[in-house]
Structures are given as C-alpha cells and as structure tokens.
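Model, not experiment: these values are computed from the prediction.
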Amino acid sequence: MKSRIISSIIIVALFLVLIFCAHIPFVLNAVIAVLGAAALYETLIVTKYIESKALMGVSLFISVLIPFISPILKIVPINKLVSTSIISVIFVYILVVFISMLVSKEKFSLEHLSFVFLMTVIIPCFFSTIVFSYGMSGGIMNIFLIFLCAWGSDTGGYIFGRLFGRHQFAPKISPKKTVEGVIGCIVSAFSVSMIIAYVGGIVFDTFTVNYLAAAICGIFGGMCAILGDLFASVIKRSFGVKDFGSIIPGHGGIMDRFDSILFTAPFIYIVLSMLPVFEAVQ
C-alpha cells in the first residue's frame, strides 16, 4: 500500500507538470505518444502474440505517429497529399502484418495478427483523443476532465468497494469488482466532473460552462472507466497474468494504471465535439 501511495503521488506530480507544459508545442503529443506506445508494448508482450521484431517495430511506430496527426493536419490542410500519406502508412502496416504471417511458417495465426492489429489501432487512437480534446474549446480543462473523471472513478470504486462491497459485478472477469464499487465509480466520476466544471467557470471567466455536458461526461465517463478496467482485465485473465508490467510500484504497468482512461478519453472527446463543457465567450 505504501508503494502504491508513493507511486500515485509521483503520477499526480508528473500530471501537474504536464498540465503546466501542455501549451509548449508537441509536449502533450510526445507524452501521449510515449504513453500509448508503452501501453501497446506491454499488451503485446503479455499476450505473447508478437514474436516478429519487424511487426513490433512497425506497430510501435504507428502508435507513436497517431498523436501527432492533429498538429500535422493544422500545418498541412487535409488534401490529397495528406490522405494519400495516411492510406500509405496503413497499407504498409497491413503488408508487414501479413508478410510476417507468411515468413513465420505458420508461427503466427490469423487470430494472433488480428489481435495485434486491433490493439495497434485501439490503444494509440483512444489515447490520442486526449490530444484532440486539448485542441477543442476548453483546452487544458478538457484534460483535467478526462484524467480526473477516470481517476475519480477508480478511487471512488475502490473506496465504495472496500466499505460496502457485497455483490460481485463481473465475477468471471474481475472477481474483486462489486456492484457497490461500480456505483461508487459513477458517483465519484460525476462529482469530480461537476467540481471541475464549477472551478473552471470561476477560474476562467472567458468560458461559459455547460453543466449538462459535464454531467454526461461524469456519469457515462465513469461507466467508460469501468469498461476500460474490464477490458484490461479480460486480456489479463485470458493470458493468465496479474499485471501488464511492473514499471509503476504498487500499480503494475502503464496499462494497469491508465486502463480506465482508455475508454473515458474517446467518450469525453465525442461529447465535447458535440456539446462542449467549456465554451469560449463570444
């Protein structure tokens, strides 16, 4: 427990540093690129579905590239050159995937390669929505909303589960998760999102706050945090491992610590694109 608390303090400190440096060009992109690549690497290593160094290298390259799509498109408008480049990258990746299967002498199954491809798309793309959200109305407050909603869900679920947990929620996937803990996740995520909306409205008088959008982000973002945790649990249980890694003492690997953000980030990004929580005053 001590190592878990210390690691949590360090993570929060690094998060605050990121917040203060997010305005520097490409800093946020680089951090999310490293986060996505590390989570992808851990996932592929744990599953033991990727023995090809070439396939691993290309998968990680794709993972690092995706968070930089947003600033690239700001510099170079969407046109034939950009669309051709994106299609070319995807095409080359698909070629590497299937060439790896051909030269491996049936070492790779289609199931293995499909999983590798799916993870290479899901993990970096979902994490990259953090970068996309930063570029929308609300800026840094959107980042607070994503991370604190997910982490608030984790914390609330843990506290409610320890204090009131009686009924198992998904015993075959995550035996320790309880219905009471899930309720705690949603209540905590909702509370945190409303606090962020309120504080943001006070600190930044250039924004008008949409509390309905904040409530949607909190309630359903908390549910998405649960889904992210269950998604990671399904993978770990399928391959008989407790954690994705050991880089973060008391938490496990990068994927163990950030799994709740994996589904929360894209959901909140979608909500913000239609119904901004923080909208600039005209």
Between [X] and [Y], is there a donor-acceptor pair closer than 3.5 Å when you use the side chain of the first and the backbone of the second?
X	Y	result
Asn29	Pro67	yes
Ser63	Pro124	no
Thr178	Arg166	no
Asp229	Ser260	no
Ser153	Cys149	no
Thr208	Glu279	yes
Asp259	Ala232	no

Do the non-hydrogen side-chain atoms of [X] and [Y] ever get within less than 4.5 Å of each other?
X	Y	result
Leu40	Ile62	no
Phe115	Thr43	yes
Asp256	Lys236	yes
Met255	Tyr41	no
Val277	Met141	no
Leu230	Phe263	no
Ile216	Phe267	yes
Asp154	Arg257	yes

Taking all heavy atoms of [X] and all of [Y], pick out the closest pair and write down the distance.
X	Y	answer
Gly36	Ile123	O-CG2, 3.7 Å
Ile66	Thr120	CD1-O, 4.4 Å
Val179	Gln168	CG2-O, 3.9 Å

Specify whether Phe258 and Phe127 have parallel, tilted or perpendicular ring planes, treating 30° as the upper limit for parallel and 60° as the lower limit for perpendicular.
perpendicular
Among pairs that include at least one residue of residues 167-196, which meet ring-ring contact (aromatic ring centres under 6.0 Å, His included), considering only residues two or more places apart or in two chains?
none
Are Ile143 and Val34 joined in one hydrophobic group, where the rule is that I, L, V, M, F, W and Y side chains link up if heavy atoms are under 4.5 Å apart?
no
Would you compute the distance between atom OG1 of Thr264 and atom CG of Leu145 and round it to the nearest 0.5 angstrom?
10.0 Å
Side-chain atoms of residues 197-204: list all donor-acceptor pairs with protein atoms under 3.5 Å, sequence neighbours left out, distances to 0.1 Å.
none

